[in-house]
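Comments concern the structure below.
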2 protein chains.
Amino acid sequence: MAEGVKKKRSAGRPRRLDPETIVATARRVIEEEGVDAVSMRRIAKEVGSTPMALYHYVRDKDELLLLTLAGVSAAIPRPELPVDPRARLIAVSAHMHGVLGRMPWVLKVLALGDLTDKQALWMAEEILDSAMACGLSPAQAVHAYRTIWHFVYGDLVFRAAMARRREEPERRRYFPAMLTEDDRAELPHLTALAPRWDELQEYDVTEQLSAIVDGLLSRAHGAAAPDRAEGTDGAEGPDRTGGTGGTGGTGGTGEIDAPDRRA
Amino acid sequence: MAEGVKKKRSAGRPRRLDPETIVATARRVIEEEGVDAVSMRRIAKEVGSTPMALYHYVRDKDELLLLTLAGVSAAIPRPELPVDPRARLIAVSAHMHGVLGRMPWVLKVLALGDLTDKQALWMAEEILDSAMACGLSPAQAVHAYRTIWHFVYGDLVFRAAMARRREEPERRRYFPAMLTEDDRAELPHLTALAPRWDELQEYDVTEQLSAIVDGLLSRAHGAAAPDRAEGTDGAEGPDRTGGTGGTGGTGGTGEIDAPDRRA
DNA sequence: ACCTGAACACCGTTCAAGT
DNA sequence: ACCTGAACACCGTTCAAGT
């Protein structure tokens with residue numbers, strides 16, 4: 001609204017449109033009216049241009065949506081995390097859930113791909129780091145990361161669906177309501193729990209996350225890769241094979257069987 | 001295509017349209033061309049009618065989509081399940097994952113609500129039953145059900161996204177690819193694992209499910225609600241209160257406090 | 001290089017009529 | 001009760017021009 005000053009144009013080039021304004025406008029529209037309110041035509045009108053002009057800056061609508069993601073997490077303060085790796089794992093996961101819960105539109109866009117915002121990657125890094133500090137192998141840590149992320153994502157989707165349904169005037173006959181006495185024989189638990197379903201359903205995400213984490217960590221030294229419990233050596237140190245990747249092996253497998261970046 | 005015979009019309013009423021054909025047509029279109037191919041206009045054309053005629057049978061497009069769900073699971077054979085409750089819990093969850101993985105369109109529609117197909121409820125029932133047989137309280141069992149479902153859902157969404165991305169001609173710069181050497185200091189694990197990310201990412205769902213289940217079950221007699229450890233009474237056998245639900249108590253713990261309006 | 005206008009092939013849904 | 005037609009207010013994207 002009250003911006004007034006337009007971006008300084010570098011001397012003689014009067015480029016009337018620029019990618020930043022386009023993306024910023026799209027983000028504003030999304031935040032104000034939801035993802036579905038975004039259309040090429042709408043954004044074009046909003047920036048005082050024509051739909052086709054946008055196609056000089058983005059390949060298609062999906063790309064525009066993906067671009068709105070970049071930078072959103074920069075605004076979010078990075079929380080203090082516990083040092084204990086298990087607690088840290090849970091805390092980061094809960095943080096991820098909390099942040100996304102407050103910006104539900106991000107979910108819809110994320111389904112188009114995966115993490116696309118560099119500013120958000122510290123969460124994945126932190127999860128990998130604490131998982132490995134708890135004794136998981138790199139592969140197990142990646143799996144743990146995905147399992148946690150999938151749960152968080154699924155939880156948020158259905159949380160949103162539930163909220164939507166709550167404010168729907170005439171509720172459709174969804175799950176618990178569709179059960180009748182006749183179903184008691186086939187579905188005894190469901191029928192019995194149906195009246196209290198909505199309230200029973202509510203849980204504390206952190207509790208569930210902590211259960212999931214426990215399950216994932218229980219695989220630590222088990223089965224395949226025992227990799228000596230160096231868990232607690234959690235020293236940072238960005239050294240990682242020294243220089244600019246001169247070591248042919250990309251330092252990669254250094255990660256696989258010895259995340260040993262000591263200080 | 002080659003159907004020829006139209007549904008028998010009950011004598012004199014020449015209702016040209018009926019809900020069953022509408023829904024069946026929608027389902028066919030979805031299966032052949034995906035959810036996005038469904039439009040009121042398209043379905044109308046397909047059944048030889050006009051868009052507005054459909055509105056006499058469904059409230060709106062969402063309702064039509066939801067209706068296509070009903071009955072899909074009837075076609076899927078119910079698998080044999082292990083008797084051991086923990087194994088059963090995992091098996092049902094994996095079955096759910098497998099079935100939905102083969103009908104990805106169902107996912108999109110499910111996000112509109114929750115389970116809507118009565119024929120699919122046996123899975124929820126089975127999860128509740130085995131969770132409680134493992135010692136979880138009814139509330140914990142419901143939470144376990146949701147946690148599992150959220151994970152399964154999230155996993156499938158990103159599995160689909162990955163598949164889509166794989167067959168995209170020019171891959172966009174998604175997560176692992178966007179990392180450079182400069183990020184190594186901030187994101188050491190991620191940078192190190194990036195080259196192998198796609199392969200590391202792949203996991204066996206059943207393994208992850210089994211870890212999750214372990215975590216959830218570890219809460220059995222723990223912390224807050226000890227509710228007399230009736231856990232191991234898991235009298236398996238499919239008998240479940242014997243006959244047609246005549247025993248008011250529905251077996252179990254009487255499910256909370258016995259909502260027992262018996263037959 | 002950057003932008004416009006017209007056009008193509010669509011949408012969901014409302015409203016006023018028809019039988 | 002069941003169905004139609006026209007209309008409203010939209011879509012994403014292609015194509016051929018303009019400057």
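Since we're looking at a predicted model, the values are computed, not measured. First the proteins, then the strands, lettered A, B, ... as listed; each starts at 1.
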Next item on the list: Over 60° means perpendicular and under 30° means parallel, so classify the ring planes of B/F151 and A/H150, tilted if in between.
Entry: tilted
Checklist line | Side-chain N,O (A/Y57) to OP1/OP2 (C/dC3) below 4.0 Å | finding: yes
Check: Between atom CG in B/L54 and atom P in D/dT4, what is the gap in whole Å?
Finding: 10 Å
Check: For B/S49 and D/dT4, is the shortest distance between a side-chain N/O and OP1 or OP2 below 4.0 Å?
Finding: yes
Next item on the list: Let me know, please, whether A/G48 or B/V38 comes out on the 5' side of the other along DNA chain C by nearest nucleotide.
Entry: A/G48
Item checked: Passing candidate, side-chain contact (heavy atoms from CB on, under 4.5 Å) with B/I127, options B/W122, B/Y145, B/W149 -> B/Y145
Notebook entry, point to check: What pair of heavy atoms forms the shortest contact from B/T68 to B/I30, and how long is it?
Noted result: OG1-CD1, 3.9 Å
Notebook entry, point to check: Tell me: OH of B/Y55 to C1' of C/dT14, nearest whole Å?
Noted result: 10 Å
Next item on the list: Grab the CE-P distance between A/M40 and D/dT14 for me, whole Å please.
Entry: 10 Å
Next item on the list: Find the distance A/E33:CD to D/dC10:P and express it as a whole number of Å.
Entry: 12 Å
Check: Of all the choices, D/dC2, C/dT4, C/dT13, which nucleotide is nearest to the side chain of A/T50 once you look at every atom?
Finding: C/dT4
Next item on the list: Run the numbers on B/V72 and B/W105 for side chain to side chain contact (heavy atoms under 4.5 Å, CB included), then give the verdict.
Entry: CA-CA 11 Å; B/V72 279; B/W105 63 272; 3.7 Å; yes
Next item on the list: Kindly say if B/S39 contacts the phosphate of C/dG12, meaning a side-chain N or O under 4.0 Å from OP1 or OP2.
Entry: yes
Notebook entry, point to check: Which whole-number value in Å describes the distance from B/R41 CZ to C/dG12 P?
Noted result: 7 Å
Margin query: As a test of reading the structure: which of D/dC3, D/dG12, C/dC3 is closest to the side chain of B/H56, going by heavy atoms?
Written below: D/dC3
Notebook entry, point to check: Quick one: A/L64 CG to D/dT13 C1', roughly how many Å, whole number?
Noted result: 14 Å
Check: Which whole number of Å gives the distance between the C1' atom of D/dA9 and that of C/dC10?
Finding: 14 Å
Notebook entry, point to check: Nearest-Å distance, NZ (A/K45) to C1' (C/dG5)?
Noted result: 14 Å
Item checked: Under-4.0 Å salt bridge between B/R146 and A/D155 -> no
Check: Whom does D/dT19 pair with, Watson-Crick or G-U wobble, provided both distances fall under 3.5 Å?
Finding: C/dA1
Next item on the list: Please give the nucleotide sitting opposite D/dC8 as a Watson-Crick or G-U wobble pair, both distances under 3.5 Å, or none.
Entry: C/dG12
Check: If you check every side-chain atom of A/M52, which of D/dC2, C/dT4, C/dT13 has the closest atom?
Finding: C/dT4
Note to self: As a test of reading the structure: which of C/dC11, C/dC3, C/dT4 is closest to the side chain of A/L17, going by heavy atoms?
What the structure shows: C/dC3
